[in-house]
There are 2 protein chains.
Amino acid sequence: MTAPSPRALTEPVEDYLKAIYELERRNGAASTSEVALALAVAPASVTGMVRRLAAQGYLDHVPYRGVQLTAAGRAAALRTIRRHRILETYLTQVLGYPWDRVHDEAERLEHAASDELIECLAAALGHPTSDPHGAPIPTVDGLVDERVHRTLADLAVGHTARMVRVASDKDPDLLRYLADIALRPGAEVTLVARAPYDGPLTLRIGEAQPIVGPNLAAQVLVEPVLTPAPASAASATEPKPAASRARRR
Amino acid sequence: MTAPSPRALTEPVEDYLKAIYELERRNGAASTSEVALALAVAPASVTGMVRRLAAQGYLDHVPYRGVQLTAAGRAAALRTIRRHRILETYLTQVLGYPWDRVHDEAERLEHAASDELIECLAAALGHPTSDPHGAPIPTVDGLVDERVHRTLADLAVGHTARMVRVASDKDPDLLRYLADIALRPGAEVTLVARAPYDGPLTLRIGEAQPIVGPNLAAQVLVEPVLTPAPASAASATEPKPAASRARRR
DNA sequence: CTCGATATTTAGTGCATCCTAAATTGTCCG
DNA sequence: CGGACAATTTAGGATGCACTAAATATCGAG
C-alpha cells in the first residue's frame with residue numbers, strides 16, 4: 001500500500017504516469033525532458049510533478065538521473081491505458097466513431113469513466129485483448145503482453161520484428177523504398193534508435209545499413225520476433241528489470 | 001459573443017451554471033447559499049466564482065441580491081444538461097448500466113465527452129427527447145420544453161400537475177396517505193414551497209390544506225397542467241422573463 | 001582533466017478553485 | 001425605526017499545476 005487512495009488520481013497525474021510508462025517501455029528509461037516533450041509541458045513542471053509522485057510512491061526519482069515507475073505507478077499507468085484502449089475500441093467498433101478523433105476522445109474520457117463503466121464496455125465488446133490499432137489491452141489486474149506490437153511505432157529500441165505490411169498513402173517514396181527492399185515476405189526490421197518522442201526512427205532492415213525514416217511508423221504493421229538480446233522476456237509487468245539502455249552507475 | 005471561447009469551460013464552471021439553471025427553473029431565482037448547498041461548497045466560494053462568471057458574461061450578479069443566467073450562461077447550462085441526459089439515456093438503455101450509478105457516471109462524463117460524441121450517442125438512441133427519468137433533453141440549439149415534468153421533484157414552485165402514479169417502496173406511510181387522499185384519478189397537486197435544495201416539499205392537493213412531505217418527490221410521477229398563473233408559458237429558453245417568485249425591487 | 005553544451009533542478013510567480021474567519025448588508029419584527 | 005439574525009461578501013490562505021529565469025549537475029570533447 002504505497003499509494004494512498006484507490007481512485008483519487010487527478011487527470012495530470014494519470015497523464016504523467018501513462019507517459020512515463022510508455023517511455024520506459026519503448027526507451028527503457030524516462031528522462032525529464034522526454035516526459036516534458038510527451039506531455040507538452042515545460043521541463044521544470046515535470047521536475048515538480050515527479051517530486052510529488054515520488055513522494056506518493058508512484059515512482060523512484062534519482063535527481064538528474066531519471067525516473068522509474070514503482071509497482072504502484074505501473075499499476076496506475078496500466079489502468080489508465082486499459083481504460084483508454086477499451087474506450088477506443090468501443091468508440092470505433094460500436095459507435096463507428098471517426099478514426100481521426102477516437103484518440104482524443106478516449107484521451108479525455110479515460111479520466112472520467114469509472115472502472116465499472118470500463119468493465120461494462122469491455123463486456124459488451126467481448127473482452128477484447130487488443131485495441132483497433134492492435135495495441136494490447138492490459139487486463140483488469142494489470143497484465144500486458146508487452147511482446148505484442150502491431151506497428152513499428154510500438155517497437156522498443158533494440159527489438160526486432162517481422163514486417164507485415166506497409167499501409168499508407170502519404171510519403172509514397174519511402175514506402176516504395178520499404179516495399180522494394182524490405183517486403184520480401186518475412187523481412188525483419190530492428191529499431192536502432194528513435195528520436196525523443198514520436199519523431200523519426202532509425203531502422204536496420206535485415207543486414208543492410210541502418211536508415212532513418214520519417215515517422216510513418218504507425219503505418220508499418222509488424223509482428224514481433226522474440227529477441228533474445230535484452231535479457232528479459234517476461235510477458236507480465238511485475239519484475240521487469242529496467243530494460244536495455246538504462247545507464248547504470 | 002459575450003462568452004469568450006467555444007469549448008473552454010472548466011468542470012466547476014459547468015457545474016455552477018448547471019446548478020444555477022436548475023435553481024432558477026425550480027425556484028425562480030438562485031441565491032448564493034442555494035448554489036453553495038447544491039454544489040457542496042462554502043458560500044464564500046460561490047461568491048468568488050459568481051464574480052468571475054459574471055465578468056465573463058455568463059450571468060448577472062447584483063451583490064447581496066442574487067444571480068441570473070444570461071443567454072450565454074443558459075446556453076452553456078443547457079449544453080451540459082443535454083450531455084448529461086443523453087449520457088444517462090445511453091448508459092441505461094444501451095449498456096444496461098445499473099440505475100443507482102448512472103447519475104454519478106454521467107455527472108463525470110458530461111464534462112469530458114465532446115459534442116460530437118454526444119450527437120453520436122443521440123443518433124444511436126434515435127434522438128430521444130427525454131431521459132430515463134422522464135426529464136426533457138434540451139435540443140442541440142438549446143431548446144427545452146420546460147413544461148415537461150415527470151416527477152414532483154421537477155415541478156417548479158407554484159405550478160400544478162396531475163398526479164399519475166406513486167411508485168416507491170420506501171416511506172410506505174406517506175405513500176399510503178397520498179394514495180388515499182390524492183390518487184383519485186387525475187388529482188392535482190400544486191407545489192407550494194420547497195426546502196433549499198433537494199429537501200422536503202410543501203404541497204397542496206386539490207383544495208385541501210397544504211402538507212409537508214419528505215423528499216420522495218422523485219417517486220411521484222406527474223403530468224404537467226398548464227398553469228396560467230406565472231406570466232410566461234414559453235417552451236423555449238430564449239426570452240424568459242425571470243420566473244414567478246423572483247423578488248423585484 | 002577541464003570546459004562548454006545540454007539536461008535538470010531551484011526559485012519565484014500566476015491562476016483556478018477551494019477554505020475559514022471576519023466584516024458587511026438586508027430583512028423583518030417589535 | 002432600531003436591532004438581531006441570517007445571508008452575503010471581503011480578507012487572507014492553502015493546494016495543484018503550470019510557467020520563466022536562474023542556478024547547477026552531467027557528460028562528452030579536446
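Fair warning: this is a prediction, and the values are worked out from it, not measured in the lab. To find a chain, count down the sequence lines: A is the first, B the second, and so on, and within it residues start at 1.
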Engineer: For nucleotides 4-17 of chain C, just jot down a letter per nucleotide in 5' to 3' order: B, S or -, based on protein non-hydrogen atoms under 4.0 Å.
Structural biologist: ---SBBB-----SS
Engineer: Please enumerate all residues that pass side-chain hydrogen bond (donor to acceptor under 3.5 Å, both in side chains) together with A:Thr10, with sequence neighbours excluded.
Structural biologist: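 Residues passing side-chain hydrogen bond (donor to acceptor under 3.5 Å, both in side chains) with A:Thr10: none at all.
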Engineer: Output all residues satisfying side-chain hydrogen bond (donor to acceptor under 3.5 Å, both in side chains) with B:Arg52, sequence neighbours left out; order by chain, then residue number.
Structural biologist: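 With neighbours one apart ignored, the set is empty.
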Engineer: For B:Arg82, check side-chain hydrogen bond (donor to acceptor under 3.5 Å, both in side chains) against everything at least two apart and list the hits.
Structural biologist: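 B:Arg82 satisfies side-chain hydrogen bond (donor to acceptor under 3.5 Å, both in side chains) with B:Glu119 only.
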Engineer: Would you please name every residue forming a salt bridge (Lys or Arg N to Asp or Glu O under 4.0 Å) with A:Arg51, sequence neighbours left out?
Structural biologist: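 With neighbours one apart ignored, the set is empty.
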Engineer: Who are the side-chain hydrogen bond (donor to acceptor under 3.5 Å, both in side chains) partners of B:Asp100, not counting sequence neighbours?
Structural biologist: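 B:Asp100: no side-chain hydrogen bond (donor to acceptor under 3.5 Å, both in side chains) contacts found.
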Engineer: Rounded to the nearest Å, what distance is computed from the CG atom of residue B:Leu37 to the C1' atom of nucleotide D:dA7?
Structural biologist: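 Result: 13 Å.
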Engineer: Measure NE2/A:His111 against C1'/D:dG16 and give the value in whole Å, please.
Structural biologist: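 From A:His111 NE2 to D:dG16 C1': 16 Å.
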